[in-house]
There are 2 protein chains.
Amino acid sequence: MTCGSYLIDRLHQRGFRMTPQRMAILHTLRRAGGHLSATEVFERTRRAQPGLTEPTVYRTLEFLAENGYALAAHIGGGKLVYELTEENHHHLICKKCGKTISVEYTVLASVYEQLQLSTGYKLDSSHVTLFGLCPDCQT
Amino acid sequence: MTCGSYLIDRLHQRGFRMTPQRMAILHTLRRAGGHLSATEVFERTRRAQPGLTEPTVYRTLEFLAENGYALAAHIGGGKLVYELTEENHHHLICKKCGKTISVEYTVLASVYEQLQLSTGYKLDSSHVTLFGLCPDCQT
DNA sequence: TTCCTTATTGCAAGTAGTTGCAATAAGTAT
DNA sequence: ATACTTATTGCAACTACTTGCAATAAGGAA
């Protein structure tokens, strides 16, 4: 069994299909463990799936993020990165050295709740990225 | 006096220069009032500055955001938008209809403080965008 | 004013990401 | 097994954005 198998039933229940391309992209994300840009996903996955094209990668990543199977996060410079859904969390990125740390979702949970009450919006538990200077770069 | 004049001294103090291109781009942002994508800024500014090129627009917007003269925000679909710095605020965007509302900076201020204490990072008061469904689209 | 330094621009060529549409193939039903 | 529906893919052309480098011009000094 390859490592995207666990998703097959969940996809079918919602009328979606599992394909070799999706399986391979899930495999790449799983192996990477962390964040990967669309380009990185394309390059790594193509090794196992030589026929794979860029539009398919972009569409698959968007599909996975839209349906909750992966998280998308904006990190510096307008770039989007993806990772498999695990614990919800947020990121702090140092503008100078690029060092990234994760922050538990609970830190923002009360704000989310407050905002939902005051605005009526139902918010995604999305992957927020905050920028600043890490302790080492503040001098 | 054109409307970027107020920035001239602040730029000179830091070794930067004011140029007709920068002036025109500031004018465009000022007139728009709200968010504008790089492409929109390019198209609108070019009417007044026919020689203007795309790389200049992208670099100018990045420059303005980097130095605190403008704010950059990621809104849906990986797009970056810019606006002139005024009050710090955040955005809530409806994934379905695109309706956007602003949220005061103070809502997130306590979280920022808490994060700065627990992580040691010095955070930018950045422009965070949260996604969700607005009251009308929740049915 | 004129000269000088160098920040900023424009050009040109590059990379990244998107879109429409016809062809393919996943999964269901027969 | 076979046929059918339609989600998904690949292709090709397009738009968005970036980068290196030489030319230009802003702003300070002589």
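Below, read A as the first sequence line, B as the second, and so on, with proteins coming before strands; counting in each chain starts at 1.
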For [X], give me all partners under side chain to side chain donor-acceptor pair (under 3.5 Å), at least two apart in sequence or on another chain.
{"X": "Q49(A)", "result": "none"}
{"X": "T119(B)", "result": "none"}
{"X": "E104(B)", "result": "T106(B)"}
{"X": "T45(B)", "result": "T28(B)"}

Would you mind reading off the distance between [X] atom [atom1] and [N] atom [atom2], rounded to a whole angstrom?
{"X": "Q21(A)", "N": "dA7(D)", "atom1": "CD", "atom2": "P", "value": "17 Å"}
{"X": "I25(B)", "N": "dG10(C)", "atom1": "CD1", "atom2": "C1'", "value": "13 Å"}
{"X": "E66(A)", "N": "dT8(D)", "atom1": "CD", "atom2": "C1'", "value": "15 Å"}
{"X": "M23(B)", "N": "dT9(C)", "atom1": "CE", "atom2": "P", "value": "13 Å"}
{"X": "E54(B)", "N": "dA12(C)", "atom1": "CD", "atom2": "C1'", "value": "13 Å"}
{"X": "R10(A)", "N": "dG27(C)", "atom1": "CZ", "atom2": "C1'", "value": "19 Å"}
{"X": "F63(B)", "N": "dT19(D)", "atom1": "CZ", "atom2": "P", "value": "18 Å"}
{"X": "Q13(A)", "N": "dG27(C)", "atom1": "CD", "atom2": "P", "value": "13 Å"}

Just to verify, what does [X] make a side chain to side chain contact (heavy atoms under 4.5 Å, CB included) with, not counting sequence neighbours?
{"X": "A48(A)", "value": "none"}
{"X": "S37(A)", "value": "T39(A), E40(A), V81(A)"}
{"X": "E113(B)", "value": "none"}

L52(A), nearest nucleotide to its side chain (from dT8(D), dT9(D), dG10(D)): dG10(D)

Approximate separation, where rounding is to 0.5 Å, of Y112(B) OH and L117(B) CG: 15.0 Å

Under 4.0 angstrom between Y58(B) side-chain N/O and dT18(D) OP1 or OP2: no

Side-chain N,O (T56(A)) to OP1/OP2 (dT9(D)) below 4.0 Å: no

Flag side-chain contact, heavy atom, 4.5 Å: L130(A) against H91(A): no

Side-chain heavy-atom pair E83(B), L36(B) within 4.5 angstrom cut-off: no

Review item, side-chain donor-acceptor pairs of residues 60-71 of chain A, under 3.5 Å, at least two apart:
{"unit_1": "T60(A)", "atom_1": "OG1", "unit_2": "T56(A)", "atom_2": "O", "d": "2.7"}
{"unit_1": "N67(A)", "atom_1": "OD1", "unit_2": "R14(A)", "atom_2": "NH2", "d": "3.2"}
{"unit_1": "N67(A)", "atom_1": "ND2", "unit_2": "F63(A)", "atom_2": "O", "d": "2.9"}
{"unit_1": "Y69(A)", "atom_1": "OH", "unit_2": "R14(A)", "atom_2": "NH1", "d": "3.1"}

End axis versus end axis in the helix from dT1(C)-dA30(D) to dT30(C)-dA1(D), the angle rounded to 10°, five pairs used at each terminus: 20°

Minimum-distance pair of heavy atoms, taken over all atoms of A38(B) and V57(B): O-CG1, 3.7 Å

Distance-minimising heavy-atom pair for L11(A) and R17(A): CD1-O, 3.8 Å

Ring centers of H90(A), Y105(A) separated by less than 6.0 Å: yes

Heavy-atom protein contacts under 4.0 Å, nucleotides 25-30 of chain D, coded B base, S sugar-phosphate only, - none: BBSS--

Near-strand residues of residues 39-51 of chain B, defined as heavy-atom separation under 4.0 angstrom from DNA chain C: G51(B)

Filtered N/O pairs between nucleotides 20-24 of chain C and protein, under 3.5 Å:
{"unit_1": "dG20(C)", "atom_1": "O6", "unit_2": "R59(A)", "atom_2": "NH1", "d": "3.4"}

